[in-house]
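One-based numbering along the sequence shown. Each ligand, and each atom within it, is numbered from 1 in the order the structure gives.
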Amino acid sequence: MEALRSKYSNPFSSFFFFYFFSAVFLIFHALPTADAKTHYHDFVVQATPVKRLCKTHNAITVNGMYPGPTLEVNNGDTLVVNVVNRARYNVTIHWHGVRQIRTGWADGPDFVTQCPIRPGGSYTYRFTIQGQEGTLWWHAHSSWLRATVYGALIIRPKEGESYPFPKPKRETSLLLGEWWDANPVDVVRQATRTGAAPNVSDAYTINGQPGDLYNCSSKETITVPVDSGETNLLRVVNSALNQQLFFKVANHKLTVVGADASYVKPFTTSVLMLGPGQTTDVLITADQPPARYYIAARAYASAQGAPFDNTTTTAILEYESAGCPAKCVVKPVMPAMPAFNDTATATAFTTRFRSPRRVPVPNNIDHNLFFTVGLGLNNCPPGARPRNCQGPNGTRFAASMNNVSFVLPSNFSLLQAHQQGIPGVFTTDFPANPPVQFDYTGNVSRSLWQPVRGTKVYKLKYGETVQLVLQGTSIFTAENHPIHLHGFDFYIIAEGFGNFNPSRDTAKFNLVDPPLRNTASLPVGGWTVIRFVADNPGVWLLHCHLDVHITWGLAMAFLVENGVGELQTLEPPPADLPVC
Ligand code: C2O
């Protein structure tokens, strides 16, 4: 089911075809797309019994696999994925980090670029990978289904091109996830009903397995084989729903070479920190005595006093030359993990990223935007039942950007409403600045804690340049937020703690070699500045990749208008686009 289905099944074996295709090859091989391929896949979304930690539940999976199938392509290739929904929930699939140039209809967030695929329905996603190399991933973008509906999307260089580092001996994807003993959709539904914070997960996982540090999980461990001396590539993805994670391999150094499907200037570290949505490609050399070493991940939990899953997931790096006592009796070596609140380690890591060389950072900014990012509490509406107001002091949890708590439409997707001119679905008044200025990271007056609900977008003309200051707030509690932008990669030109101060902090902007990402780790009680060019027409969600925060409204959308001519215009919607 994962195989690349050849368009040419080759029933002919005549010289004519050989010469014909040779001639076609000679004519076209100078074009960059000459050897680009199209990969066809079927994704059947279905309930599948999955047993973890001694409990079985009917998890929603793709093709019965948890995690789902790995897609492997080359830069320039096209993917055609027919998604059939045999589950009892609405579903959509998002190709996290894929630019989707002119193909916004294939981006996937429900009610933003498409109506969900209803149970029994199907939809075919078609898109081309353009100028991206490294590791991305795909996941459900509807309710909390991505807890089990996700997989890796590996993009290798074009045929005949190579990595900008020595070719690794082996490549392994490590998807970090989160497992609930309960059904994750029930967990979020209960939280939405009560207004309280949802339950935290019961385990973290690596490639779907918790590892052997949990009760009842001794056989549930992934092994990563290595040979002494070889250098391998690990593609680490944080697919967890609600938790930033530290990642280490005992006794081994990691050389970071890429993140979010862009290469970075290589640097060596012993620990990674990834927010949900982020990917990090690292080289690891098997330079230790042959034995077994734990690969481990645990929470980076920055919100003071907030409950979190304080467990550790493991896999095992196993030297193939290690003999039996080392392999079968001796416990693997465990890395010393950072403390859950070790912001210094997280920051030291995230601020080391650079692009490999000088990059074209947009200058002459058309839109200077400043968005506050954080939590809020809604007072209970008069007449509401106490059981629906179980947030702090009888409130309901909320979250917002610039005090707008994002509400998804229900009759049309935002992209449909925009493209077909359907009124009343959204407004274009998302504010460029917070409606009130205050000490964002100080002791915020309780009167500023209640956001307004709305479906507001911010309009951009094709090709305009954007600088966006993301400013965390300490409303209810300050916390690190992984902020993800659909449809674009952006440069992270600076970050810091406290309130962004233009007269002081502009001097810190890296306009030479900042990293290109699709998800920024907004420091706890701090700020991040990103820049991008609005060169992709469509409607693009910007949101916190902690699903609990999207549920509470921590999102907004950019609407990028068509430019001039076909190449700057959104493609027409596919005929099988689901209706609401
Ligand atoms: Cu990876 Cu809007 O998501």
Side-chain angles (χ1 to χ4, degrees), residues 62 67-68 71 81 83 90-100 103-116 125 127 132 134-153 155 173 175-178 184 188 235-245 259-262 274-280 371 373 399 401 406-409 413-415 455 457 470 481-490 517-522 530 532 536 538-560:
V62 166
L71 304 180
V81 185
V83 177
N90 291 339
V91 75
T92 65
I93 304 289
H94 167 53
W95 317 90
H96 180 113
V98 173
R99 293 275 334 258
Q100 299 289 5
T103 52
W105 305 107
D107 191 41
D110 66 348
F111 300 106
V112 177
T113 61
Q114 68 167 100
C115 299
Y125 294 84
F127 54 93
Q132 301 187 285
T135 308
L136 293 176
W137 60 301
W138 55 267
H139 62 78
H141 210 302
S142 189
S143 182
W144 277 20
L145 288 177
R146 78 173 181 86
T148 50
V149 178
Y150 64 92
L153 168 50
I155 311 168
S173 302
L175 294 124
L176 314 178
E178 246 175 308
V188 67
R235 302 171 180 274
V236 187
V237 181
N238 186 341
S239 332
L241 257 80
N242 293 324
Q243 195 59 64
Q244 297 83 344
L245 295 165
D260 296 2
S262 290
L274 297 93
Q278 295 185 311
T279 74
T280 307
F371 294 177
V373 171
M401 285 187 173
F406 190 73
V407 179
L408 289 170
S413 72
L414 297 176
L415 189 58
T455 308
V457 305
L470 296 159
H481 298 275
I483 304 292
H484 172 49
L485 176 59
H486 287 229
F488 299 92
D489 287 329
F490 49 75
R517 306 288 305 246
N518 63 52
T519 306
S521 173
L522 173 59
I530 66 172
F532 65 97
N536 192 10
V539 177
W540 305 109
L541 203 57
L542 174 78
H543 65 87
C544 177
H545 215 288
L546 306 177
D547 273 22
V548 53
H549 291 175
I550 318 179
T551 306
W552 290 339
L554 217 173
M556 60 78 68
F558 286 106
L559 188 165
V560 181

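For atom 1 (Cu) of ligand 1, the nearest N, O or S atom contributed by H139 is named NE2.
Remark: of the listed residues D110, V62, L145, L145 is the sole one forming a side-chain contact (heavy atoms from CB on, under 4.5 Å) with V91.
Taking every heavy atom of both residues into account, T113 and W105 meet most closely at O-CE3, 3.8 Å.
Around atom 2 (Cu) of ligand 1, protein N, O or S atoms at less than 2.8 Å comprise H141 NE2, H486 NE2, H543 NE2.
A side-chain N or O of H486 and one of H543 form a donor-acceptor pair less than 3.5 Å apart. Using modelled atom types, one finds a donor on one side chain and an acceptor on the other under 3.5 Å when comparing W144 with T551.
Aromatic ring orientation, W138 versus W95: tilted (interplanar angle from 30° to 60°).
Between V98 and L153, the closest side-chain pair of non-hydrogen atoms falls below 4.5 Å.
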